[in-house]
Amino acid sequence: MLNLIIMKIFKLLFSKILISALALLVQVSVVILVVLFFESYFILFQIFSLVFGLAVFLYIISKKGNPELKLPWIFILLVLPFFGTAIYCMFGNAKMPLKQYKNIAEITFRCRQYTPLPPTDGAKIEEELGKYAGIENYLRKNSYSKGHLNCRVTYFPDGESFFTDLMEELEKAEKFIFLEYFIIDLGFMWSNILEVLKRKVQKGVEVRVMYDDIGTVGKLKANYFKKLKKHGINCRKFNPFRPVVSGIHNNRDHRKIAVIDGVKGYTGGINIGDEYINATSPLGHWKDTAVKIEGSAAGNLTVMFLQLFDSAGKNFSDCKKYLDVDFPTFEDGGYVHPFGDGPKPFYNECVGENNYLNIINSAEKYVYITTPYLIPDYNIISALRNAAFRGVDVKIITPSKPDKKIIFNMTRSNYKYLLEAGVKIYEYSPGFIHAKSMVSDGVVAFVGTINLDFRSLVHHYECGAVMYKTPCIADIKKDFDETLSVSRKITPENFKMNVFASLANAVLNLFSPML
């Protein structure tokens, strides 16, 4: 017993998390010591702080972008002039590194020649979408991808059905398998997937896996990717965390992508972890969603995978090998557009947010949304309220059980303002809803990885799929109705938040762009 305790203590002392935390603490301490040292030269220090702080202030207000992202930094500068400036210099730049930008731009350019839009398809898509053609136009111009006709989309209303289907398709793989997930956690789900991957490697199938380094903290060992490489799996961890005080750690790979032989692809809210398939239940029943896309639109997911996988390494992939494939076609499949989003400068628009806005603003009868976090910016809040005022039936389902208490309270702090406009809000009674989906008027829908919070809308690499008149939209609407039937309706009468909680959330909401 004593030996076991000693081993645990040593493991903690030399763990990556503790060492990184200590390194960050040292860096912050150095900044404080520098300030204290220069404070003895009070007048010079004050002049320097004023000039430097003013320069940073002018830089912040001159930047193009959402004013809500600027407000917390301006507040910090005013309250803590020198420290605020130092903090902004360390954390304020959330853009992707220049090298990463060049790599992603290069792989996108290489892929483009294998994913052209046939001249007739553009006109067909515009005719098919009618008044929704603007959604496609926006995505095509800003997400470096295009929409597709004659594909098949299958909707999965839970992690269990997704997992069953994914396992069946992995077994059928003949050429390559790409897996990209924010979280890969050891357990029943991953062990079964891994066994298939190892067998496929032995049969000559190329297997690539990528996971986010911070997303897997506490779940995978720092060198886990090396273990997978020993099995013949080409594995990389995205944006490895280094104990350097920098805002670049904001740019996490929050995408969930699986591609099989280039003709079948999956995306949605489901990570690889046992709670996502309810093999474990830490928060009650875990409700999540995903879609499988078959046909040429799966190529969009292949491109997105190659963008980040290649940017995390030193060599570019042979795009032709993975994109120049014979895609199956499916008549009456409707329209589907898988797309990616991410930080500047590659994505100069907030693609995920504007896609949500385009769907909400186009709604005439109803727009139904599921989201684990409801901390959007003013643009989305205003669009939801405006839709409700127009007479659109706006319904939102959020969790009843929190995975993050502070974020849960901030989500609830937005209820009253939305309820006042006629937006209907429900909390999923059986447990935690992690699905990020939207369906409107029975003709257009979205399923993906994009939460309604600043993390997803501004900082993370995200993805999802917009669908129009695909047969599975009826399944998405049906699933929403069934989820609604086991959710508790929030009303002004049954929703209460005490004065202290309201005040605390008001302060936290000021800093929500940083959370």
Side-chain angles (χ1 to χ4, degrees), residues 66 121-143 145-149 151 153 155 267 289 291 297 300 333-341 347 349-371 374 376-397 418 421-425 435-452 456-457 462-481 484:
N66 191 331
D121 278 15
K124 287 180 181 177
I125 288 174
E126 190 154 336
E127 181 181 355
E128 175 76 13
L129 267 64
K131 73 164 196 168
Y132 292 98
I135 294 175
E136 160 63 16
N137 291 337
Y138 175 83
L139 291 176
R140 189 172 65 248
K141 292 175 182 177
N142 295 286
S143 69
S145 59
K146 65 180 185 291
H148 297 258
L149 299 172
C151 294
V153 184
Y155 174 73
T267 190
T289 58
V291 289
N300 290 25
Y335 155 91
V336 59
H337 189 149
F339 69 91
D341 189 13
Y347 294 96
E349 293 280 317
C350 292
V351 180
E353 175 177 4
N354 288 332
N355 177 66
Y356 278 140
L357 288 171
N358 287 337
I359 295 175
I360 294 168
N361 292 333
S362 299
E364 294 180 346
K365 298 176 181 177
Y366 71 81
V367 59
Y368 298 157
I369 300 167
T370 61
T371 180
L374 184 59
D377 64 11
Y378 181 78
N379 292 330
I380 290 183
I381 292 285
S382 180
L384 292 170
R385 283 170 53 87
N386 187 40
F389 283 134
R390 294 199 317 268
V392 176
D393 183 21
V394 182
K395 292 177 180 174
I396 305 173
I397 303 177
L418 291 169
V423 175
K424 303 176 184 71
I425 300 174
K436 310 95 166 46
S437 62
M438 179 180 288
V439 60
S440 176
D441 294 346
V443 293
V444 63
F446 168 82
V447 174
T449 70
I450 308 171
N451 295 317
L452 288 176
S456 282
L457 299 176
E462 304 279 358
C463 66
V466 172
M467 293 152 279
Y468 178 77
K469 287 188 177 180
T470 58
C472 77
I473 289 177
D475 299 327
I476 298 173
K477 170 62 165 56
K478 178 184 176 183
D479 181 45
F480 184 91
D481 290 339
L484 197 71

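This chain uses plain numbering: 1 for the first residue, then up along the sequence. All of these numbers come straight from a predicted model, not from anything done at the bench.
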Please test F480 against I369 for side chain to side chain contact (heavy atoms under 4.5 Å, CB included), starting from the C-alpha separation and ending with a verdict. CA-CA 8 Å; F480 184 91; I369 300 167; 5.7 Å; no
The complete set of salt bridge (charged side-chain N to carboxylate O under 4.0 Å, His left out) pairs with one or both residues in residues 376-397, sequence neighbours excluded, reads D393-K395, D393-K424
Residue pairs meeting salt bridge (charged side-chain N to carboxylate O under 4.0 Å, His left out), one or both in residues 356-369, sequence neighbours left out, come to K131-E364
Neighbour count >12 (heavy atoms, 6.0 Å) for atom CD, E128:
yes
Over all heavy atoms of both residues, which pair between [X] and [Y] is shortest? Give the atoms and the distance, please.
| X | Y | answer |
| --- | --- | --- |
| V336 | C151 | CG1-CB, 3.9 Å |
| D441 | Y132 | OD2-OH, 3.4 Å |
| A297 | P338 | O-CG, 3.5 Å |
| Y368 | D481 | CE1-OD1, 4.4 Å |
| I125 | G147 | CD1-O, 3.4 Å |
| A363 | V367 | CB-CB, 4.1 Å |

Pair up each side-chain donor or acceptor in residues 464-473 with any protein partner under 3.5 Å, not counting sequence neighbours, and list the distances.
none

Distance from [X] atom [atom1] to [Y] atom [atom2], nearest 0.5 Å?
| X | Y | atom1 | atom2 | value |
| --- | --- | --- | --- | --- |
| M438 | T371 | CE | OG1 | 9.0 Å |
| I135 | F339 | CD1 | CZ | 10.0 Å |
| H148 | H337 | NE2 | NE2 | 7.0 Å |
| L149 | E127 | CG | CD | 10.0 Å |
| L484 | D479 | CG | CG | 11.0 Å |
| C350 | L357 | SG | CG | 9.5 Å |

Sorted by chain and number, sequence neighbours left out, side chain to side chain contact (heavy atoms under 4.5 Å, CB included) with A474 holds for none
Sorted by chain and residue number, the side-chain hydrogen bond (donor to acceptor under 3.5 Å, both in side chains) partners of N361 (sequence neighbours excluded) come out as none
Is it true that a side-chain atom of [X] and a backbone atom of [Y] form a donor plus acceptor pair closer than 3.5 Å?
| X | Y | value |
| --- | --- | --- |
| E136 | L129 | no |
| S440 | Y366 | yes |
| N142 | E349 | no |
| N300 | S145 | no |

Are E353 and D341 packed together at the side-chain level, in the sense that at least one heavy-atom pair is separated by less than 4.5 angstrom?
no
Less than 4.5 Å apart, side chain to side chain, heavy atoms only: is that true for L374 and P376?
yes
*From CA spacing to verdict: side chain to side chain contact (heavy atoms under 4.5 Å, CB included), L384, I396*: CA-CA 10 Å; L384 292 170; I396 305 173; 3.9 Å; yes
D475 meets the salt bridge (charged side-chain N to carboxylate O under 4.0 Å, His left out) criterion, sequence neighbours left out, with none
message = I'd like to know whether V447 forms a side chain to side chain contact (heavy atoms under 4.5 Å, CB included) with T267, so could you lay out the CA-CA distance, the side-chain angles of the two residues, the decisive distance to 0.1 Å, and finally the verdict.
response = CA-CA 8 Å; V447 174; T267 190; 5.9 Å; no
*Please state whether the rings of Y356 and F446 are parallel, tilted or perpendicular, taking 30° and 60° as the class boundaries.*
perpendicular
_For a side chain to side chain contact (heavy atoms under 4.5 Å, CB included) check, start with the C-alpha distance between N355 and I450, then their side-chain angles and the critical distance, and finish with the verdict._
CA-CA 10 Å; N355 177 66; I450 308 171; over 6 Å; no
